[in-house]
Every structure is written in C-alpha cells, then in structure tokens.
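Working notes for the structure below.
Quick caveat: nothing in here was measured; it's all calculated off a predicted structure. Whatever order the structure lists ligands and atoms in, that order sets their numbers, starting from 1.
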Amino acid sequence: MYAVYAHSIEKYEPLKGLGTGAQPEPAELAARPGWTTVAVRAAALNHHDLWSLQGVGLPGERLPMILGCDGAGVDEDGNEVVIHAVVGEHGRGVPEGERATILTERYPGTFAERVAVPRWNLLPKPAALSFEEAACLPTAWLTAYRMLFTRSGLRPGDTVLVQGAGGGVATALIVLARAAGFRVWATSRSEQKRERVVALGAHQAFESGTRLPERVDAVMETVGAATWAHSVASVREEGTIVISGATSGPNPPAALTRVFFHQLKVVGSTMGSRDELAALLRFCETSGVRPVIDSILSLRTEAETGFAKMAAGDLFGKIVFTL
Ligand SMILES: NC(=O)c1ccc[n+]([C@@H]2O[C@H](COP(=O)([O-])OP(=O)(O)OC[C@H]3O[C@@H](n4cnc5c(N)ncnc54)[C@H](OP(=O)(O)O)[C@@H]3O)[C@@H](O)[C@H]2O)c1
C-alpha cells in the first residue's frame with residue numbers, strides 16, 4: 001500500500017529522512033485479537049511527525065515507520081470513524097505491561113491507505129464533521145482540550161494567554177477557549193498571524209514577548225524556551241502555566257524566583273484520553289466549532305510540501321492530507 005514514512009533519523013535536516021511509496025499492509029497487527037483496520041480518508045500533520053524524523057520517541061531500530069498520528073476513515077464494517085491516537089490506554093489492545101504510546105512510536109501511523117488499531121480506539125465520526133475536519137482532532141485539538149478544560153483550572157470569564165498562536169495546538173486553544181467563554185489573548189511573531197487569530201476569535205493579539213495590559217489567569221505554553229520567561233512574567237499570582245510542548249527548545253531560562261514568590265502552578269499536560277476525545281467530538285458538534293485548517297493536500301503527491309511548510313513554521317492551523 002502507499003504510505004509516507006520515516007526511513008532514517010536526521011536530527012538537523014529531518015525532511016531528508018522522509019520516504020514516500022510502498023510499505024507493507026498492517027496485516028499482522030490487524031490479525032491481533034480486538035484489532036481492526038481502517039481505510040484512511042484524511043490524516044492531519046502534527047509537529048510530532050517532525051520530531052519523529054528527528055528521532056524523538058522513535059529509535060532507529062523501529063524504522064521504517066509510517067508517520068501520522070491523526071486520522072479519520074472507514075472501518076471494516078463501513079462505519080465512518082475517528083481514530084484515538086493513543087494505543088494501549090488502560091492497557092487496551094496491547095500485551096500486558098506495555099506502556100501506552102501514540103501511533104508512530106511503536107505502531108505504524110495514519111499516513112497510509114490503511115492503518116491497524118485496537119477496535120477500542122475507534123469513535124464514530126459525527127456526520128456534521130468532514131473527514132478532513134475530524135482528522136484534525138485526535139492529537140493537536142485533543143491536547144488543547146485537555147490543557148484548557150482538564151488541566152488549567154480556568155472558569156468561563158477568566159483570561160487565558162495562548163503563546164505561538166499560529167500553530168496547530170495554539171489555534172485549537174484559541175477557538176476552544178473562545179467558545180467556552182474565556183477572555184482569549186494570544187501572541188505570535190507574525191503580524192499577519194496576529195490579525196488572523198483575532199479574526200478567529202482571540203480578543204487581542206500581541207507581538208511575542210510584549211508586556212500585557214494586565215496579568216492573566218493562565219498561560220497555555222507549547223513554544224517552550226522562546227516564550228517561557230514571558231509566560232512566567234505574564235501570569236497573575238497563584239495563576240497557572242499549562243505546558244504540553246517545547247517547539248523552540250526544552251531548556252528555557254527558569255525564572256524560578258517569580259515562580260515561588262508568586263506561588264505559580266506549572267502544570268504538564270499530554271494528549272488526552274478516549275473519553276476526552278469523545279467529549280471534544282460532542283463539543284464540536286453542539287457548539288458549531290470546527291478545526292482551523294491551513295491547507296488540504298494530497299498524501300500521494302504533496303506530502304513533502306506539507307512537511308516543509310511545518311518545518312518552516314509557515315502555517316496557520318492544521319495541514320491535512322487526503323487519500
Ligand atoms: N504533549 C503532547 O501530547 C503534545 C501534543 C501535541 C503537540 N505537542 C507539542 O506542542 C508543540 C506545538 O505542536 P503543533 O503541532 O501545534 O506545532 P506547529 O503547528 O508546528 O506550531 C508551532 C508554533 O509555535 C510557534 N513557534 C515556533 N517557534 C517559535 C519561536 N522560536 N518563538 C515563538 N514562537 C514559536 C509558532 O507560532 P507563531 O508563528 O504564531 O509565532 C508556530 O506556529 C510541539 O512541540 C509539539 O510536539 C505536544
């Protein structure tokens with residue numbers, strides 16, 4: 001079957017390790033008890049796929065590895081489904097003692113004609129969402145949902161700051177936070193992206209690093225080293241910084257004095273559960289919220305274009321591949 005995969009690990013030039021072409025069908029996995037195959041209709045790109053090409057979470061001995069955490073498609077019984085990307089949550093579908101991983105770390109991903117997953121990982125695709133929209137939800141949007149609604153402690157009416165506003169997780173944070181009744185502020189390095197996030201629903205957008213009019217109740221961090229000091233400076237006393245990523249690097253200036261003097265809470269967050277994904281799907285259905293899509297590209301002919309756009313930071317929302 002046709003697939004887009006990592007064939008080598010390239011720390012500094014990740015796109016060199018990207019392969020396109022024939023890969024084996026996931027027949028062996030599909031034959032496991034409780035597993036099934038999904039014919040992929042749409043699959044979204046995440047920064048995680050770039051990390052994989054750089055060897056983060058993907059050791060060389062597991063290559064070649066089909067990339068792609070997010071997908072929506074049609075199962076063996078003809079049902080339209082969304083795939084929960086975490087394999088092995090609560091031990092479901094994996095050998096005893098195996099820890100949960102996201103697709104592409106241990107099991108081949110969604111950038112292929114077919115992907116095998118435990119049946120438990122499938123959720124019905126709401127009819128109101130297209131395959132392209134549904135494919136955006138399981139990683140970036142689920143991460144944003146958990147950061148905001150499970151980990152932050154925010155209540156409607158509170159003010160939230162979203163750093164690095166143009167990214168997949170960040171645009172999800174802005175749309176979800178606005179729909180939930182928060183006051184939404186965002187930062188971006190790009191003037192054009194600042195205009196776009198205001199059109200998307202942010203109440204105000206600021207250049208990265210700018211002093212804010214007042215301190216916020218919580219900051220949503222995915223940028224890491226480049227924005228961390230600003231996040232610590234921008235949150236109110238006893239406020240919260242929720243962090244789920246470090247795109248610009250994992251070793252920020254610690255700014256520890258302010259963390260303890262102002263009794264800040266620094267809260268880590270990773271992906272989300274199947275239950276949270278089900279709630280996110282309902283949230284989209286009932287609120288009318290839809291994922292922000294930068295571009296829809298062909299997996300067969302435009303995979304390299306999509307990866308290059310992400311590597312250059314030249315995107316606003318999600319890049320989706322269709323089959
Ligand atoms: N823990 C988890 O489960 C989980 C799940 C999903 C994602 N993540 C992580 O979260 C991060 C974001 O993921 P994503 O898929 O949303 O990535 P993405 O779409 O590539 O977005 C990255 C955004 O970060 C901002 N940025 C990058 N470098 C920056 C810098 N030097 N200074 C300021 N801003 C910078 C940019 O915003 P502007 O151009 O607007 O400034 C860019 O749009 C990644 O590191 C990813 O691995 C973690």
Side-chain angles (χ1 to χ4, degrees), residues 14 43-58 67-70 84-86 89 100-105 135-148 150-151 161-176 185-198 200 202 205-210 219-231 242-253 267-273 276-277 280 291-295 306-320:
L45 182 63
N46 286 287
H47 213 96
H48 183 87
D49 298 301
L50 273 182
W51 292 130
S52 299
L53 288 166
Q54 293 174 289
V56 179
L58 181 59
L67 297 171
C69 306
D70 285 345
H84 178 43
V86 181
E89 187 180 314
T101 54
I102 70 171
L103 284 171
T104 74
E105 288 180 344
C136 296
L137 299 175
T139 298
W141 276 66
L142 180 61
T143 300
Y145 183 95
R146 183 175 178 81
M147 290 173 79
L148 276 176
T150 309
R151 305 293 284 162
L161 174 68
V162 178
Q163 298 280 22
V169 178
T171 47
L173 285 164
I174 290 165
V175 173
L176 292 172
W185 289 353
T187 68
S188 176
R189 298 164 296 175
S190 139
E191 189 179 347
Q192 196 202 4
K193 288 186 193 178
R194 292 196 292 276
E195 283 168 14
R196 290 183 75 177
V197 295
V198 170
L200 197 61
F206 305 88
E207 193 171 349
S208 300
T210 305
V219 181
M220 300 294 122
E221 250 300 350
T222 58
V223 179
T227 50
W228 182 255
H230 182 250
S231 294
V242 183
I243 176 158
S244 74
T247 307
S248 62
N251 298 311
V267 177
S269 192
T270 281
M271 290 294 284
S273 66
E276 286 167 321
L277 180 57
L280 170 60
V292 183
I293 296 181
D294 174 275
S295 39
F307 273 81
K309 263 171 84 71
M310 175 161 276
D314 171 27
L315 84 183
F316 187 81
K318 300 295 296 172
I319 293 169
V320 184

Residue portion contacting ligand 1 (non-hydrogen atoms closer than 4.0 Å) for [X]:
X      : answer
Gln163 : neither
Lys193 : side chain
Val223 : side chain
Ala140 : neither
Thr143 : side chain

Does the [X] side chain pair with the main chain of [Y], one donor and one acceptor, at a distance under 3.5 Å?
X      : Y      : value
Ser208 : Arg189 : yes
His84  : Pro138 : no
Thr222 : Gly245 : no

Any side-chain heavy atom of Phe316 sitting closer than 4.5 Å to one from Val197?
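Phe316 reaches Val197 side chain to side chain.
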
Heavy atom of Gly313, distance to ligand 1 below 4.0 Å
no

Is the shortest distance from a heavy atom of Ser269 to ligand 1 less than 4.0 Å?
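Checking ligand 1 against Ser269, which is what was asked, there is a heavy-atom contact under 4.0 Å.
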
Protein heavy-atom partner closest to [atom] - residue, atom, separation in Å:
atom                    : answer
atom 19 (O) of ligand 1 : Gly168 N, 2.9 Å
atom 47 (O) of ligand 1 : Trp51 NE1, 2.7 Å
atom 20 (O) of ligand 1 : His47 ND1, 2.7 Å
atom 33 (C) of ligand 1 : Arg189 CD, 3.4 Å
atom 16 (O) of ligand 1 : Val169 N, 2.8 Å
atom 3 (O) of ligand 1  : Met271 N, 2.7 Å

Shortest heavy-atom approach to atom 32 (N) of ligand 1 - which of Ala226, Ser190, Gly209:
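Considering heavy atoms of Ala226, Ser190, Gly209, the nearest to atom 32 (N) of ligand 1 sits in Ala226.
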
Ignoring hydrogens, just give me the one of Gly167, Ala172, Ser244 whose non-hydrogen atom is nearest atom 22 (C) of ligand 1.
Gly167

Considering distance alone, does some N or O of [X] sit under 3.5 Å from an N or O of ligand 1?
X      : answer
Gly245 : no
Ala170 : no
His48  : no

Should you measure from each heavy atom of [X], which atoms of ligand 1 turn up under 4.0 Å away?
X      : result
Ser188 : 38 (P), 40 (O), 41 (O)
Met310 : 19 (O), 20 (O)
Ala165 : 40 (O)
Ala246 : 45 (O)
Gly166 : 37 (O), 40 (O), 43 (O)
Thr247 : 11 (C), 12 (C), 27 (C), 44 (C), 45 (O)

Report the residues that fulfil ring pair (Phe, Tyr, Trp, His ring centres under 6.0 Å) with Trp185, sequence neighbours left out, ordered by chain and then residue number.
Phe206

Identify the two heavy atoms, one from Pro252 and one from Ala225, that lie closest to each other, and give their separation to 0.1 Å.
CB-CA, 3.7 Å

Between Leu142 and Leu280, which heavy-atom pair has the shortest distance, and what is it?
N-CD2, 3.7 Å

What pairs with Thr247 under side-chain contact (heavy atoms from CB on, under 4.5 Å), at least two apart in sequence or on another chain?
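Thr247: side-chain contact (heavy atoms from CB on, under 4.5 Å) contacts with His47.
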
Test side chain to side chain donor-acceptor pair (under 3.5 Å) on Glu221 and Thr227; report intermediate values, then the result.
CA-CA 8 Å; Glu221 250 300 350; Thr227 50; 2.6 Å; yes

What is the distance from atom [atom1] of [X] to atom [atom2] of [Y], rounded to the nearest 0.5 Å?
X      : Y      : atom1 : atom2 : answer
Arg146 : Leu277 : CZ    : CG    : 12.5 Å
Ile174 : Ser188 : CD1   : OG    : 8.5 Å
Ser295 : Ile319 : OG    : CD1   : 4.5 Å

Could you check Met147 against Val169 for side chain to side chain contact (heavy atoms under 4.5 Å, CB included), going step by step and ending with a plain yes or no?
CA-CA 10 Å; Met147 290 173 79; Val169 178; 4.2 Å; yes

Checking side-chain hydrogen bond (donor to acceptor under 3.5 Å, both in side chains) against Lys318, which of Asp294, Thr139, Asn46 comes through?
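So the option named by the test is Asn46.
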
